[in-house]
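Just below is one structure, and these are the notes that go with it.
These values consider heavy atoms only, across backbone and side chains, with no hydrogens, waters or symmetry-generated copies. A note on names: the letters A, B, ... follow the listed sequences, proteins ahead of strands, and every chain is numbered from 1. All values reported here derive from a predicted model rather than from experimental measurement.
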Amino acid sequence: MKAGEPEEFIVDGRRLDGRRMDELRPLKIEAGVLKRADGSAYVEWGGNKVLAACYGPKEIHPRHEANPKRAVLRTYYSMAPFSVYERKRPGPDRRSMEISKVTRQALESVVFTHLYPMTAIDVFIEILQAQAGTRCAGITAASVALADAGIPMRDLVPACAAGKVGGHIVLDLFDVEDNYGEADLPVAIVPRTGEICLMQMDGNLTQEEFEQAFELAIKGCMQVYEKQKEALRKAYEKRSEE
Amino acid sequence: MKAGEPEEFIVDGRRLDGRRMDELRPLKIEAGVLKRADGSAYVEWGGNKVLAACYGPKEIHPRHEANPKRAVLRTYYSMAPFSVYERKRPGPDRRSMEISKVTRQALESVVFTHLYPMTAIDVFIEILQAQAGTRCAGITAASVALADAGIPMRDLVPACAAGKVGGHIVLDLFDVEDNYGEADLPVAIVPRTGEICLMQMDGNLTQEEFEQAFELAIKGCMQVYEKQKEALRKAYEKRSEE
Amino acid sequence: MKAGEPEEFIVDGRRLDGRRMDELRPLKIEAGVLKRADGSAYVEWGGNKVLAACYGPKEIHPRHEANPKRAVLRTYYSMAPFSVYERKRPGPDRRSMEISKVTRQALESVVFTHLYPMTAIDVFIEILQAQAGTRCAGITAASVALADAGIPMRDLVPACAAGKVGGHIVLDLFDVEDNYGEADLPVAIVPRTGEICLMQMDGNLTQEEFEQAFELAIKGCMQVYEKQKEALRKAYEKRSEE
Amino acid sequence: MNQDIIADIRKDHVERLLDEGRRVDGRGFDEYRKVSVEVGVNERAEGSALVTLGRTRVMVGVKLAVGMPFPDMPDSGVLTTNAELIPLASPTFERGPPDEDTVELARVVDRAIRESGCIELEKLCIEEGELVWIVFIDLHPLDYDGNLFDACTLGAIAALKNTYMPKLEDGKVDYKTRTEEKLPVRDTPVEVTYCKIGRHILLDPCLEEEEVLDARLTVGYNEKGEIVAMQKGGSGTFTKEEIVDIVRKGREKAEFLRQHIPG
Amino acid sequence: MNQDIIADIRKDHVERLLDEGRRVDGRGFDEYRKVSVEVGVNERAEGSALVTLGRTRVMVGVKLAVGMPFPDMPDSGVLTTNAELIPLASPTFERGPPDEDTVELARVVDRAIRESGCIELEKLCIEEGELVWIVFIDLHPLDYDGNLFDACTLGAIAALKNTYMPKLEDGKVDYKTRTEEKLPVRDTPVEVTYCKIGRHILLDPCLEEEEVLDARLTVGYNEKGEIVAMQKGGSGTFTKEEIVDIVRKGREKAEFLRQHIPG
Amino acid sequence: MNQDIIADIRKDHVERLLDEGRRVDGRGFDEYRKVSVEVGVNERAEGSALVTLGRTRVMVGVKLAVGMPFPDMPDSGVLTTNAELIPLASPTFERGPPDEDTVELARVVDRAIRESGCIELEKLCIEEGELVWIVFIDLHPLDYDGNLFDACTLGAIAALKNTYMPKLEDGKVDYKTRTEEKLPVRDTPVEVTYCKIGRHILLDPCLEEEEVLDARLTVGYNEKGEIVAMQKGGSGTFTKEEIVDIVRKGREKAEFLRQHIPG
């Protein structure tokens with residue numbers, strides 16, 4: 001048993017932070033929060049605080065990275081030094097590099113990149129405060145920032161994890177569950193078609209548990225999707241009023 | 001009190017190295033000391049030994065850094081590993097980067113960069129031996145090296161610091177005064193017009209002390225200016241003789 | 001005496017691994033071992049296991065490195081993390097950089113680079129398992145890989161070291177001899193003309209010892225040369241059969 | 001090429017307005033943009049602040065760690081100030097190791113904090129010569145519209161004053177448990193930046209002004225109004241009189257900024 | 001430009017063949033290429049394996065060292081997985097610090113090894129909180145013809161099962177003396193990769209397929225058939241049903257791979 | 001392109017002169033340029049030397065520090081040789097991490113110093129296995145006109161012979177207090193470089209020769225005249241006879257260089 005590990009994850013049918021098995025942490029999404037960026041979004045999701053910004057389509061440097069048939073989508077996931085308990089040294093680490101890659105691939109499945117050949121679309125995700133699930137929060141924020149920048153997409157990309165803790169399949173793990181639980185399964189989807197555009201897993205699941213967690217994560221994504229659309233609607237209304 | 005801190009800085013009206021309050025350390029400037037560089041200068045200033053070299057105007061790499069309206073001035077301040085008591089690891093550190101930047105900005109105020117569009121002018125400052133005041137010694141050497149290279153300038157740029165030690169405003173701090181004194185105020189000027197092109201300060205000064213130190217530093221710069229001109233005169237005479 | 005140093009290097013006229021003074025370690029060379037590379041070779045030489053691959057002539061990036069009069073030959077010597085007793089951190093170290101340079105210069109003396117202006121020829125040497133003499137094994141493999149890629153050369157480049165251990169001049173030092181012996185003298189030659197294209201030495205040799213070791217190393221190279229030619233012959237035959 | 005021509009046109013525009021007594025955003029020459037400071041905005045940091053200066057927004061986080069003291073200061077805590085100009089905050093910020101501007105920002109903010117002696121570093125010794133507290137100040141601009149110096153220094157001191165000590169157990173930090181004890185802070189340094197465009201001296205340059213300025217002067221003041229840090233920037237120059245004047249009138253602007261720090 | 005047009009033509013070609021029920025190399029859709037695993041191939045490594053998967057060849061070396069445990073796991077050994085995509089192995093691999101693909105490979109292989117708990121890390125404590133064994137797994141592709149995930153995971157577990165503990169003396173490792181004791185390994189995780197090209201799902205993509213795939217799914221299984229790791233790749237998507245199906249049928253493919261591990 | 005054509009023309013010119021028995025700077029084929037060595041030129045370094053070889057100028061600094069010994073040499077000091085080719089010294093030197101030429105220079109100079117055993121490293125043990133002296137030799141060319149190998153090796157040994165031990169207190173170095181004790185040095189290795197241009201063998205190539213040479217051979221000798229280091233450079237070759245001959249006649253040139261070391 002690792003230091004800090006709880007004895008039980010589920011007490012009286014409730015999780016350690018009081019949620020039900022299939023309940024998301026409180027989620028707040030705001031679009032159009034930054035002035036300089038072409039599009040932006042802020043996500044507060046449980047103890048996660050995440051900013052995403054989109055710049056582009058724009059000229060690409062270095063030039064030889066340009067693609068004559070489509071825009072190059074570049075995504076950078078990064079954690080602020082003060083976003084975690086033990087100060088993180090600035091600069092990309094291996095985990096950030098992997099998350100940047102899977103995030104890019106998830107977003108590529110919805111962005112109409114062929115409309116902007118020879119350009120770059122940059123998406124920056126900054127984790128200001130972390131409490132597990134930052135990659136899902138980041139993807140969720142990123143697709144809102146893209147939409148806020150007016151980048152044509154066939155859909156938004158909501159993301160949400162399910163997992164297994166203390167033998168139970170639960171939705172949207174928070175940090176204690178993530179650190180000491182048995183499995184984590186982040187998923188991102190294209191809601192209109194139900195396609196899966198991001199999927200990772202680590203831990204231990206039987207086939208049955210996997211299928212159950214997978215279903216649950218998809219349901220979580222659909223809830224996130226509603227919040228995304230609402231955020232964009234509000235931003236649009238606010239802009240119209242101005 | 002830090003280890004090595006002296007009990008008094010001023011004894012019988014003299015500083016710990018025997019100087020008066022408004023007295024420069026011994027200063028020796030020589031121009032045209034290197035064969036490969038287009039222009040060069042060597043400065044011995046108290047315990048500081050500094051070389052500066054100028055290369056250019058020359059082709060610029062990478063090309064996209066070129067400016068169609070003026071030469072790009074690049075300055076690099078660097079300390080030899082054996083220039084300080086505790087061996088310095090090679091390569092730029094944060095302090096060197098800042099000094100390189102303020103040095104460049106100080107020199108940009110006098111160099112006629114618009115005469116050489118699309119080119120680079122590189123200035124390298126190498127601290128061979130340090131005893132406080134190396135940024136001033138470096139700027140002083142750099143503008144002589146530029147002149148020695150024949151780069152058109154509206155004036156030389158002498159630099160000198162004043163500061164406060166043991167409650168007294170003094171000129172040109174040496175290392176003990178710099179390490180344990182109350183304030184250091186390096187200044188560089190354009191002597192013909194009296195303009196200030198570099199100014200930094202750290203420590204603690206009242207308004208009155210600041211104004212007094214500022215005046216003193218400017219006077220120091222004027223003394224340095226005389227030495228600069230003398231060095232260029234000698235280099236010119238020597239070259240004529242050859 | 002260093003930890004692990006043997007008391008004697010020569011017992012009953014034999015070396016610690018049973019060899020005579022002028023005897024090579026078992027040497028096996030195979031050409032054409034990799035599918036992706038344009039040419040390749042595998043060398044097992046005593047406890048050394050070395051792969052070499054050649055890619056080219058090919059377009060050169062970045063472009064400004066291209067030479068209008070000849071191909072640019074680039075060589076990279078690298079050690080796998082598990083090739084030595086104490087795990088080597090990935091990435092080039094100073095030793096690898098030096099070996100890459102002398103290897104390149106040795107091969108440049110035989111490759112007809114003027115036939116492929118504006119192109120690059122890349123040679124990669126990977127040490128999978130090391131037991132002293134890896135630079136000689138690497139050069140030996142590299143020139144076979146170049147030939148296997150069909151790069152025109154005026155000759156192959158065999159390499160072999162001689163040295164001094166326990167007062168004796170011996171051929172082809174293995175690790176114990178290399179670590180605790182008195183001198184190591186790696187040599188590479190152009191066999192048809194007898195020219196010397198690589199030569200390094202560290203340790204301590206009198207003029208007489210040097211001349212003796214030098215002669216011995218050249219003889220070793222000639223033995224290596226036979227194995228190189230045989231490997232290419234076999235690869236050619238195998239390819240014809242296919 | 002176009003970039004440079006546009007820069008000239010912009011500078012002409014800004015300067016012509018100034019000649020008419022107007023700034024691009026309508027402010028007085030001696031006026032700050034709207035300032036607000038919020039503290040305790042980050043649950044993972046021991047101290048934090050979010051500063052808004054017009055449309056410039058900066059988050060500052062203070063983290064505490066333990067480590068070895070410097071050999072020449074064996075009984076003193078260690079202060080480390082770091083800035084990151086993340087490309088999220090501006091199209092002109094680039095990824096990669098800290099560049100000249102990033103380093104200058106961190107060092108100039110550090111200067112005011114350090115030279116004012118506002119952190120009582122001598123109280124941060126845990127075991128002399130062996131273990132002391134290390135104070136990390138991370139400057140993190142989120143939206144860049146000019147004058148990061150003043151915004152970041154303000155954020156840094158606001159965050160420091162809001163910093164709680166984490167629990168220490170057996171020489172290790174338990175970040176999840178925050179004590180009641182605050183980081184000992186005894187002064188409130190701030191920095192005030194003026195710029196010069198043509199013959200005009202302006203307080204608090206916004207981005208549009210920053211991009212065309214000739215020279216810049218940042219001055220740090222402690223609570224007593226003493227000068228603790230200065231940094232001139234830009235390829236242009238100041239006259240002696242301009243500098244003396246800026247240093248004098250900056251003092252009351254410092255007091256103005258200081259009033260925005262909560263608590 | 002040509003590169004991109006060629007890519008399209010290639011994709012057309014591969015997909016058209018698949019529509020006719022044929023793969024570029026003639027395999028069945030659900031068939032692995034020829035697999036072979038050789039262990040103990042490197043005398044300097046404590047454990048090693050050479051895996052051949054069609055024309056893909058990978059060497060994996062396991063090295064042991066001693067060092068400090070992680071503070072939150074004071075009585076547990078440490079696992080570190082590293083990949084190098086050396087340019088010897090492919091014209092598309094470049095020198096320099098690890099890129100995204102290298103990092104992903106190392107992390108996805110690490111996931112199966114770590115999450116299956118196959119290494120009994122708790123037995124690798126030498127002195128609690130002070131000294132533990134560090135297990136370095138180095139993934140070293142030598143000839144790249146696609147599907148490094150499966151080849152490297154297979155090589156990693158084969159090498160681990162073949163790893164001998166070196167002698168430990170006074171807290172230092174004597175690498176030249178190997179003990180009889182083996183690294184404690186209690187499970188045999190492997191990874192199975194399917195890809196999607198157009199509407200087709202294919203096992204074990206070769207390079208020609210990898211270059212044109214829409215999406216990729218790698219699933220790691222332990223000996224019991226439980227899922228221990230997953231990673232989706234590619235800019236395309238899967239349907240929910242496709243994923244559930246891949247995860248189901250991958251299980252027997254994992255068993256197939258596992259049978260190739262010697263000993 | 002022009003660069004390469006100019007290089008050819010230059011080479012023709014240099015070689016034609018040599019065919020007539022003349023070097024570009026008028027020296028004999030077997031003649032060094034003017035050599036001077038000044039020691040004690042740097043007050044911050046424990047040892048230092050300024051070497052002038054024609055128009056090539058090199059500063060070498062020796063710094064001492066304390067640290068851990070290597071595990072396999074627990075009772076021996078540590079030698080570290082480092083070179084920096086700073087762009088101040090030549091338009092062809094570039095900023096950034098050490099390149100191939102920098103590394104080769106440092107390693108070839110190190111070879112003569114290390115293999116001659118000139119520093120009595122065994123006397124530099126402070127506490128076996130715990131604390132030893134580390135000797136840093138920093139090679140710092142200031143003006144580059146060819147043959148850095150000989151100039152730097154000469155500077156290194158001159159600086160070493162001029163190195164004073166700093167005071168040691170409680171395992172820490174007090175750099176401001178220099179003891180009377182000198183670094184124990186028992187030999188005086190130097191390096192001698194010949195180059196080959198066409199069919200000519202020349203001592204001490206100046207820059208104009210270095211830029212067009214076919215091959216280069218550097219040989220290090222100890223005081224007894226034994227060979228302690230060799231390094232061949234350049235894309236051309238030597239005959240066996242040429243090498244043997246260079247090694248023989250270099251010995252007296254080494255003695256010539258050695259006489260320039262003060263003290």
More than 12 heavy atoms from other groups under 6.0 Å of CD on A:Glu86: no

Side chain to side chain contact (heavy atoms under 4.5 Å, CB included) assessment of A:Met201 paired with E:Arg111: CA-CA 9 Å; A:Met201 184 274 203; E:Arg111 207 163 289 162; over 6 Å; no

Does A:Glu98 come within less than 4.0 Å of E:Arg107, counting only side-chain N to carboxylate O? yes

Verify the neighbour count for atom CD of A:Glu226: are there more than 12 heavy atoms of other residues, nucleotides or ligands below 6.0 Å? yes

Are A:Asn204 and E:Val228 packed together at the side-chain level, in the sense that at least one heavy-atom pair is separated by less than 4.5 angstrom? yes

Within 6.0 angstrom of E:Lys224 NZ, more than 12 heavy atoms from elsewhere: no

What part of E:Asp110 is in contact with chain A, defined as an atom under 4.5 angstrom from a non-hydrogen atom: side chain, backbone, both or neither? neither

For the CD atom of E:Glu100 and the CD atom of A:Gln105, what is their distance to the nearest 0.5 Å? 7.5 Å

I want to check something: taking the side chain as every heavy atom from C-beta on, are A:Lys101 and E:Asp101 in contact at a cut-off of under 4.5 Å? yes

Is the CZ atom of E:Arg16 crowded by more than 12 outside heavy atoms at less than 6.0 Å? no

Take a 6.0 Å sphere around CZ of A:Phe112 and say whether it holds more than 12 heavy atoms from other residues, nucleotides or ligands. yes

With a 4.5 angstrom heavy-atom cut-off, is it the side chain or the backbone of E:Pro98 that approaches chain A, or both, or neither? backbone

Under the criterion side chain to side chain contact (heavy atoms under 4.5 Å, CB included), I'd like the reasoning laid out for E:Phe238 against A:Met199: C-alpha separation, chi angles, the key distance, then a yes or no. CA-CA 10 Å; E:Phe238 287 104; A:Met199 164 124 229; over 6 Å; no

What is the distance from atom CD1 of A:Ile196 to atom NZ of E:Lys232, rounded to the nearest 0.5 Å? 9.5 Å

Rounded distance (nearest 0.5 Å) linking atom CZ of A:Arg94 with atom OG1 of E:Thr102: 9.5 Å

Counting only non-hydrogen atoms closer than 4.5 Å, does A:Glu215 touch chain E with its backbone (N, CA, C, O), its side chain (CB onward), both, or neither? side chain

Any side-chain heavy atom of E:Val247 sitting closer than 4.5 Å to one from A:Gln207? yes

Output the option from A:Glu182, A:Arg104, A:Met97 having the highest count of non-hydrogen pairs under 4.5 Å with chain E. A:Met97

For the candidates E:Gly236, E:Ala112, E:Gly234, which exhibits the highest count of non-hydrogen atom pairs separated by less than 4.5 Å from chain A? E:Gly234

Go through the atoms of A:Glu211 and report whether side chain, backbone, both or neither lie under 4.5 Å from a heavy atom of chain E. side chain

Portion of A:Arg95 that has a non-hydrogen atom of chain E nearer than 4.5 angstrom: both

Would you say A:Lys219 has more than 12 foreign heavy atoms packed within less than 6.0 Å of its NZ? no

Is any side-chain heavy atom of E:Gln231 less than 4.5 Å from a side-chain heavy atom of A:Gln200? yes

Portion of A:Ile218 that has a non-hydrogen atom of chain E nearer than 4.5 angstrom: side chain

What part of A:Leu73 is in contact with chain E, defined as an atom under 4.5 angstrom from a non-hydrogen atom: side chain, backbone, both or neither? neither

For residues A:Ser109 and E:Ser235, report the shortest heavy-atom separation together with the two atoms involved. CB-O, 3.2 Å

